Amino acid sequence: MKQTFFALFFLSLCLNAKSVCPNRGENQGPPKAFEVKAKILKTLRTHLPKKHMGASRAIAAAIYYHSTSKKLDPMIITAVISSESGFNPSALGSVGELGMMQLRPATGEWIARRMSIPWKGVRALTQPIYNIRLGTAYLGYLKQKFSSRGGQLYLAAFNMGEANVEKYLTKNIQPKIYSQHVQRKFLVINGY
C-alpha cells in the first residue's frame with residue numbers, strides 16, 4: 001500500500017515538476033523563481049563593478065522582488081539595467097541621470113511621492129537597491145499607462161519620456177529603437 005502511494009506521489013511530481021523529471025519536454029512554461037534569480041545573479045557577477053560585487057545577491061534579489069511586485073519581467077529589468085548603465089551603480093548620464101537604471105532626480109522624486117516611497121534625496125539614486133526600487137516603480141507606472149496601446153511603449157517612455165512618446169503616437173509613429181535595444185540585451189543575457 002505504501003509503495004503504491006509513493007509511486008503515485010512520484011508520478012504526480014513528474015507530471016508537474018521539471019526539477020523532478022527534467023526530460024519531461026521542452027515547453028515547461030515560465031521559469032521558476034530560483035532559476036531567474038540565479039540567472040540575474042550570474043549576470044551581475046559578470047558585469048557589476050568589483051566594489052559592488054559584495055552586494056550582488058542583494059541587488060539580484062531587489063531586481064527580482066521589485067520587478068515581480070510591479071508585474072514586470074525581472075529579465076527585462078536586467079536588460080534595461082544593462083542598456084542604461086552597464087550595471088554600474090555610479091553611472092552618470094549626459095542629462096543628469098543617475099545609478100543603475102539611470103533615473104533623473106526629478107523623475108525619482110516624482111515616482112517616489114506617487115508610489116509613497118520615501119524620497120531619500122538625489123545621492124540615494126546611486127544606491128543600487130533604492131535605484132532599482134524607484135526604477136521598477138516608474139516602469140510599472142509606464143507599463144500600466146501605455147499597456148492599452150500595445151507593444152513595448154513603456155520601455156520607449158522610460159528612455160525618451162512620456163511626453164515624447166505621446167508626440168510620436170499622435171503622428172502615428174511607434175518608437176521602437178530603445179525597445180529593440182533592450183530586447184537584444186535580453187537575448188544576450190538569456191543566452192540566445
Side-chain angles (χ1 to χ4, degrees), residues 30-31 33-34 36-41 43-45 47-49 51-149 151-166 175 178-179 181-183 185-186 189:
F34 67 88
V36 174
K37 290 176 190 176
K39 198 173 279 191
I40 294 168
L41 183 59
T43 301
L44 288 172
R45 288 190 170 158
H47 300 288
L48 203 61
K51 79 178 201 176
H52 296 283
M53 200 58 71
S56 60
R57 283 189 185 278
I59 295 169
I63 291 169
Y64 185 83
Y65 174 77
H66 292 297
S67 299
T68 57
S69 72
K70 299 298 180 198
K71 298 182 179 158
L72 299 165
D73 182 337
M75 296 310 294
I76 292 287
I77 298 305
T78 305
V80 167
I81 292 169
S82 177
S83 298
E84 290 292 327
S85 68
F87 300 98
N88 182 0
S90 304
L92 175 62
S94 61
V95 290
E97 312 94 331
L98 294 167
M100 292 184 84
M101 294 190 73
Q102 290 290 278
L103 294 173
R104 288 183 176 186
T107 303
E109 185 174 7
W110 178 81
I111 198 65
R113 290 175 199 248
R114 181 171 178 85
M115 300 295 176
S116 301
I117 299 169
W119 174 242
K120 297 179 180 181
V122 173
R123 292 185 69 192
L125 291 176
T126 60
Q127 297 171 1
I129 294 169
Y130 186 67
N131 187 281
I132 291 163
R133 183 179 184 193
L134 293 179
T136 54
Y138 186 48
L139 268 166
Y141 158 81
L142 292 171
K143 186 172 183 182
Q144 188 173 25
K145 179 176 180 172
F146 288 103
S147 65
S148 65
R149 297 179 182 170
Q152 308 238 329
L153 290 173
Y154 72 102
L155 291 174
F158 184 80
N159 180 254
M160 64 189 326
E162 295 174 65
N164 289 326
V165 169
E166 293 288 356
Y178 183 74
S179 299
H181 179 69
V182 170
Q183 289 169 355
K185 295 284 187 177
F186 175 87
I189 290 168

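What you are looking at is a predicted structure, and each value in this text was computed from that prediction instead of being measured.
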Could you tell me whether the side chain of [Y] reaches within less than 4.5 Å of the side chain of [X], counting heavy atoms only?
X	Y	value
Y178	M160	no
L48	M100	yes
R45	M53	yes
L92	E97	no
I76	L155	yes

Gap between atom [atom2] of [Y] and atom [atom1] of [X] - 0.5 Å precision:
X	Y	atom1	atom2	answer
T78	F87	OG1	CZ	6.0 Å
L44	H52	CG	NE2	11.5 Å
M115	R133	CE	CZ	11.0 Å
M101	H66	CE	NE2	11.0 Å

Looking only at heavy atoms, which two atoms of [X] and [Y] are closest? And how far apart?
X	Y	answer
P105	L125	CA-CD1, 3.7 Å
L72	G140	CD1-N, 3.8 Å
Y64	K37	CD2-CE, 3.4 Å
K145	S148	O-OG, 4.4 Å
S83	K185	OG-CG, 3.3 Å
L134	A112	CD2-CB, 3.8 Å

Ignoring hydrogens and geometry, is there a side-chain-to-backbone donor-acceptor pair from [X] to [Y] under 3.5 Å?
X	Y	result
T136	I132	yes
N131	L98	yes
E109	W119	no
T107	L103	no

(message) Using a strict threshold of under 4.0 Å (side-chain N to carboxylate O), is an ion pair present between E166 and R149?
(response)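 Judged by the 4.0 Å cut-off on N to carboxylate O distance, R149 and E166 do form a salt bridge.
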
(request) Using the test ring pair (Phe, Tyr, Trp, His ring centres under 6.0 Å), find all partners of W110 that sit at least two apart in sequence or belong to another chain. (result)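 Ring pair (Phe, Tyr, Trp, His ring centres under 6.0 Å) list for W110, sorted by chain: Y141.
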
(request) Using the side chain to side chain contact (heavy atoms under 4.5 Å, CB included) rule, pick out the option among L153, V182, L139 that qualifies with F158. (result)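 Considering L153, V182, L139, a side chain to side chain contact (heavy atoms under 4.5 Å, CB included) with F158 is found only for L139.
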
